[in-house]
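Here's the structure, in structure tokens; my notes come after.
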Amino acid sequence: MSMIEPYKHKVQYYETDQMGIVHHSNYIRWFEEARTDLMEQMGMGYEEMEKRGIMSPVLSVEADYLRMVHFGSIVTVNAFIKEYNGIKMTIVYEVVDSKTEMVHCRGLTKHCFINEAGKPVSLKQSCLEFHDMFAKGLCDYKNQQ
């Protein structure tokens, strides 16, 4: 697998309030966009996962807002797999201003894996390709620390 490129996003007008400041709910959307992009770059995205009958709902989300982001800004959303055990996964995010390189938000999402009936799934047993992909992502993150 080649080096993962961070996800880039240009702030749109509809994402801001009257003062041109990004509404806090949009950071959570950016986390999802970055997570989707990360999985696709790793080799298999949500579409492939769902074709195989596996879903990965969000169990919880956290965001620490450090600085405001404004309309027209370009941000980089870095996403990394911080924890993974075959059944649950935690992904961490940093929203960084592309010009100043200052961190504007940090957050995380926690996920599990379920089948179409809503029952928990172990990727180690049900889909080794996804298990190996997420395990490698976890190793890559740990090696960067």
Side-chain angles (χ1 to χ4, degrees), residues 1-12 14-16 21-145:
M1 180 172 66
S2 62
M3 186 68 151
I4 299 294
E5 292 293 323
Y7 176 74
K8 296 219 183 269
H9 180 84
K10 182 175 182 181
V11 176
Q12 302 300 308
Y14 73 87
E15 297 175 304
T16 65
I21 298 169
V22 172
H23 188 270
H24 67 276
S25 64
N26 289 295
Y27 293 85
I28 307 307
R29 289 183 178 106
W30 300 347
F31 291 175
E32 182 172 348
E33 292 170 13
R35 180 173 65 251
T36 301
D37 183 66
L38 173 67
M39 287 177 59
E40 289 170 357
Q41 287 190 61
M42 291 173 74
M44 289 185 281
Y46 277 112
E47 184 177 3
E48 182 62 28
M49 186 182 286
E50 289 183 2
K51 278 183 188 173
R52 296 180 189 207
I54 300 168
M55 289 162 280
S56 182
V58 175
L59 299 173
S60 66
V61 62
E62 296 176 18
D64 293 321
Y65 305 101
L66 308 172
R67 292 174 185 79
M68 295 177 282
V69 175
H70 296 86
F71 169 66
S73 296
I74 297 174
V75 294
T76 299
V77 184
N78 299 302
F80 304 98
I81 298 171
K82 181 181 179 184
E83 298 172 353
Y84 171 74
N85 66 8
I87 300 168
K88 290 185 178 180
M89 175 171 65
T90 300
I91 301 179
V92 293
Y93 309 87
E94 275 192 339
V95 178
V96 179
D97 184 283
S98 293
K99 282 186 184 176
T100 66
E101 297 186 8
M102 293 180 76
V103 177
H104 286 254
C105 181
R106 286 191 178 100
L108 65 82
T109 54
K110 293 184 179 185
H111 306 262
C112 67
F113 302 98
I114 59 174
N115 63 20
E116 292 168 323
K119 303 288 184 199
V121 169
S122 168
L123 293 183
K124 290 179 192 177
Q125 297 172 354
S126 64
C127 191
L128 201 53
E129 288 175 278
F130 276 104
H131 170 72
D132 291 345
M133 181 180 86
F134 292 133
K136 181 175 183 338
L138 175 63
C139 287
D140 290 346
Y141 173 74
K142 288 183 175 182
N143 289 335
Q144 292 178 12
Q145 300 305 303

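These figures come from a predicted structure and were not determined experimentally.
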Is there side-chain contact between [X] and [Y], with at least one heavy-atom pair below 4.5 Å?
X     : Y     : value
Tyr27 : Val75 : no
Arg35 : Met89 : no
Val69 : Glu15 : no
His70 : Ile21 : yes

Given 3.5 Å as the limit, does a donor-acceptor pair link the side chain of [X] with the main chain of [Y], or not?
X      : Y      : answer
His104 : Met68  : yes
Glu101 : Lys99  : no
Ser56  : Cys112 : yes
Glu94  : Val103 : no

Plane angle bin for Tyr84 and Phe134 - parallel if under 30°, tilted between 30 and 60°, otherwise perpendicular
tilted
Using the six-membered ring wherever Trp is involved, compare the ring planes of Tyr65 and His24 and label them parallel, tilted or perpendicular (cut-offs 30° and 60°).
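The arrangement is perpendicular - the two ring planes meet at more than 60°.
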Measure across [X] and [Y] and return the closest heavy-atom pair with its distance rounded to 0.1 Å.
X      : Y      : result
Pro6   : Thr76  : CB-CG2, 3.2 Å
Ser98  : Lys8   : OG-NZ, 4.0 Å
Ile114 : Val121 : C-CG2, 3.5 Å
Gln41  : Asp37  : NE2-OD2, 2.7 Å
Val22  : Asn26  : CG1-CB, 3.9 Å
Arg106 : Phe31  : C-CZ, 4.4 Å

Could you tell me the separation between the [atom1] atom of [X] and the [atom2] atom of [Y], rounded to the nearest 0.5 Å?
X      : Y      : atom1 : atom2 : result
Lys110 : Lys82  : NZ    : NZ    : 8.5 Å
Ile54  : Met49  : CD1   : CE    : 6.5 Å
Glu129 : Met133 : CD    : CE    : 9.5 Å
Phe71  : Gln12  : CZ    : CD    : 7.0 Å
Tyr7   : Glu40  : OH    : CD    : 10.0 Å
Arg67  : Thr100 : CZ    : OG1   : 7.5 Å

Set out, in order, the CA-CA distance, both residues' side-chain angles and the distance that settles side-chain contact (heavy atoms from CB on, under 4.5 Å) for Trp30 and Val11, then state yes or no.
CA-CA 10 Å; Trp30 300 347; Val11 176; 3.8 Å; yes
Could you go through the side-chain contact (heavy atoms from CB on, under 4.5 Å) check for Leu38 and Phe80 one step at a time?
CA-CA 8 Å; Leu38 173 67; Phe80 304 98; over 6 Å; no
Take Val58 and Glu32, measure what side-chain contact (heavy atoms from CB on, under 4.5 Å) needs, and give me the verdict at the end.
CA-CA 10 Å; Val58 175; Glu32 182 172 348; over 6 Å; no
Would you call Arg52 and Glu48 a salt bridge, taking side-chain N to carboxylate O under 4.0 Å as the test?
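Yes, this pair counts.
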